[in-house]
Every structure is written in C-alpha cells, then in structure tokens.
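Read the structure below first, then the notes.
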Amino acid sequence: MNSPKRRKFLKNTSLIGASLFAGPALVKGGQSPVLEGAAPFDLVKKDDVGLPITGTFLDEISHDIPHQNWGEEEWDADFRHMKDIGIDTVIMIRSGYRKFLTYPSKYLMNRGCYRPGTDLLDMYLRLADKYGMKFYFGLYDSGEYWDTGNLAAEIEHNRFVIDEVWEQYGQKYKSFQGWYLSGEISRKTKGAIDSFYTLGKQCKDVSGGLPTFISPWIDGKKAVSAASNDLSKAESVSVKEHEQEWGEIFSGIHEVVDACAFQDGHIDYDELDAFFTVNKQLADKYGMKCWTNAESFDRDMPIKFFPIKFDKLCMKLEAAKRAGYDKAITFEFSHFMSPQSAYLQAGHLYNRYKEYFEIKK
C-alpha cells in the first residue's frame, strides 16, 4: 500500500487538514472566506440573553409523545426542577382527550370516557400550591374538531366541564389562577371566533374574571402533520396573510381572551423576527398579552419528537426578547427539558439553559 499514489493522497490530505487550522495569514487577504465581514460573537457568553421561560404546559395525556408513567414523587421532583429555573406558571394542556381524562369527570364519564386511575388535576393543583405556582386549567378536547375541522363542536362539552371543574377544584385551590382554551388552530377556522368567545366568557364569568389564553400555531412551512414523514411543505402563510387573518380573530375574541402564545416551531429561524413583530403589534392593538410558546422539542428531525438543539431554543427566545414579548412558556418542560425525562438529552438541555441564564441552583 506504500505506492506513489497513496503517498500523494496522504500529502494532499495533510495539506487540507492544515489549512483548516491555519491562521488568517494563510488565507488570501488575511480573511476567512466564510466569516469575511461577519461580526464577532461568543457562543459561550452573550451580552443580551433571550426571554426566560417562566411557564410550561403539563402534557398529561401524551397524545403524540410517550407517557412517562410518573407518580406523585416524580411529579413533585419535576415541579422542584421547574421552580429552580424560574418557572412560575404551569398549564394543564387539556383536561381530557377523546376518552382519556385527567380527573374523574362525572359528566364526561357518563358520556363514555374512561375513569382515570389518578386524579392528576388534584395532584397538579396541590403541587402548584406547594411550590407557589399559578395553575391554568386546559379545557377538554373531544377530538371532534380534529375530525371535522369545526371548532364549535367543542363548546357543548366544555360548557359542563367548566362549571364542574370550578365547583370541585377552582374554589378549593389558591393556585387555580386561569384557563387555557385548548383548541389549537393556525388560521381562520370554522367556529373559531365563536368557540373562543363563548368558552372564554364562560370561564371568566364563573371564576370572577380569571385570565384566559390560547396557543395557536403559525401556518409556516414546518406546519406538517406529526404523523407525516415530511419536515416541511411547499405552501405556507405569508406575514401579510397571517396579520390579516389573526387581526380578524383577535378583533372577535379580545374581550374574553387575555393572552395569545403562538407556537414558534412551525416557521424557520430567519422568519422569527417578521412574524414575532406582527404578533406583538396585533396583541398591543387589541389589548392582549403577547406570549410565546417556545417549543423545546425539535421539528427539524425525521424522528418525532426529541429535545431541541440548544442553539435553536436560544434563537427563538432571543427573537421573543427583541419583539418585546411579555412571557415565554414552553411545550414542554417534563419531556424535553427535565433532568428526569425519559430522554437523556433533556437533562443536558436543562444544564445548558441554566448556564445560559447563569442560574446557580
């Protein structure tokens, strides 16, 4: 194998390797062709960090991510981990999905839903009380909207759920501080304004005006079905279309919906500033709080879903800070950021997050 050709190959390889580590003097003009004109930056320490995450969803149903089968001991530990990085708000993403429930609802069980083995709602409220957090209750999702495209179908079920939950839990726990209208939409959807308005008003009326919020998604190029192998689609909403459509929706719901937390994972990273700016302007116009749902899972990978690459999360939180957003929540801490998550990478993300925000706990 010591042929002239092999010796020439090794020589050329050595030269290429040396050029990769060469200083500026070895590059034409003294500049790197890749970094020419680029501003210097520090990957380890930033002067202007992003908006910190202060809220998280609790995904108790685990519709498209694996259930971790935690008991109260594990959940207690997770609330402590949340508290350590400054999370002050927890949101139960939905109180039930189709036939599976988080609490023993007499109304829903009489309609064929399964009795849960654990009253997760009661446990979450007790833990929120213990750790001094605000708890937002997520409404029931019958699945009819996903089957029909009509969000108004969710009104009838939740009219009973809202009253039932407030009577049994809302008046009992100090931490019960708000409502999450769990219907997820991206654009003008049949029944959306009527559904959000009707349910938002009932939530406020029954609880003495406690705040409500929604978390829709932006119909960007990464807004593909979780069951699909595709990572992107050809057609996506423009910033102008997004502004027009959500201006119409906000105008119809702002009296009973206090905040909107758009999911941030369906657009590309170089689109964040444009869409975030419009979101903040619309929220300000209609007197609503502008939150971001900073997804802590990665939509750019063919395997769905793993914890997000830390740099990507930083880019999204920094864009939210630039746009002047009021709060950052995430979907979702327990699977994708927790040190005790089933995903090993989640604990590493937690550590990188603490280093980034210089959290010493």
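A quick note: this is a predicted structure, and the numbers were derived from the prediction, not measured.
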Distance flag, aromatic centroids of His242 and Phe262, threshold under 6.0 Å: yes
Salt bridge (Lys or Arg N to Asp or Glu O under 4.0 Å) between Arg126 and Asp122, intermediate numbers included: CA-CA 6 Å; Arg126 284 189 285 105; Asp122 186 78; 2.9 Å; yes
Test: Lys327 and Asp88 ion pair at under 4.0 Å: yes
Residues, nucleotides or ligands: over 12 heavy atoms within 6.0 Å of Lys280 NZ: yes
Parallel, tilted or perpendicular, as decided by the 30° and 60° cut-offs, for the rings of Tyr343 and Phe336: parallel
Parallel, tilted or perpendicular: ring planes of Tyr353 versus Phe357, cut at 30 and 60 degrees: tilted
Modelled atom types, side-chain donor and acceptor of Glu164 and Ser105, under 3.5 Å: yes
Lys321, NZ atom: more than 12 neighbouring heavy atoms under 6.0 Å: yes
Stepwise side-chain contact (heavy atoms from CB on, under 4.5 Å) check, Trp70 with Gln340: CA-CA 10 Å; Trp70 288 352; Gln340 61 175 4; 3.6 Å; yes
OG-NZ distance between Ser195 and Lys190, expressed to the nearest 0.5 angstrom: 13.0 Å
Derivation of the side chain to side chain donor-acceptor pair (under 3.5 Å) call for Asp163 and Gln202: CA-CA 9 Å; Asp163 288 343; Gln202 184 178 348; 3.3 Å; yes
His266 NE2 to Ser236 OG distance, which is reported to the nearest 0.5 Å: 12.0 Å
Over 12 foreign heavy atoms within 6.0 Å of NZ, Lys312: yes
Inter-residue atom distance Cys314.SG - Lys309.NZ, 0.5 Å rounding: 11.0 Å
Distance (rounded to the nearest 0.5 Å) between His157 NE2 and Ser142 OG: 4.0 Å
Between Tyr169 and Tyr103, ring centroids under 6.0 Å: yes
Non-hydrogen side-chain atoms of Leu313 and Thr330 separated by less than 4.5 Å: no
Asp326 side chain vs Trp291 backbone, donor-acceptor pair below 3.5 Å: no
Flag, side chain of Asn110 to backbone of Lys106, donor-acceptor distance under 3.5 Å: yes
Lys354 atom NZ, over 12 foreign heavy atoms within 6.0 Å: yes
Lys/Arg N to Asp/Glu carboxylate O, Arg322 vs Asp48, below 4.0 Å: no
Salt-bridge criterion met for Glu355 and Arg352 (N-O under 4.0 Å): yes
Nearest-0.5 Å distance, CD of residue Gln168 to CG of residue Leu121: 9.0 Å
Aromatic plane relationship, Tyr124 with Trp75 - under 30° parallel, 30 to 60° tilted, over 60° perpendicular: perpendicular
Proximity of Phe213 and Tyr136 rings by center, below 6.0 Å: yes
Salt bridge Lys304-Asp64, side-chain N to carboxylate O under 4.0 Å: no
Tyr286 and Phe250 aromatic ring geometry - parallel, tilted or perpendicular at 30°/60° bounds: perpendicular
Carboxylate-amine/guanidinium proximity below 4.0 Å for Lys130 and Asp76: yes
CG on Leu181 to OH on Tyr197, rounded to 0.5 Å: 13.0 Å
Whether over 12 other heavy atoms sit under 6.0 Å from Glu167 CD: no
Pairs involving residues 140-160, ordered by first then second residue, that meet salt bridge (charged side-chain N to carboxylate O under 4.0 Å, His left out) (sequence neighbours left out): Arg98-Asp147
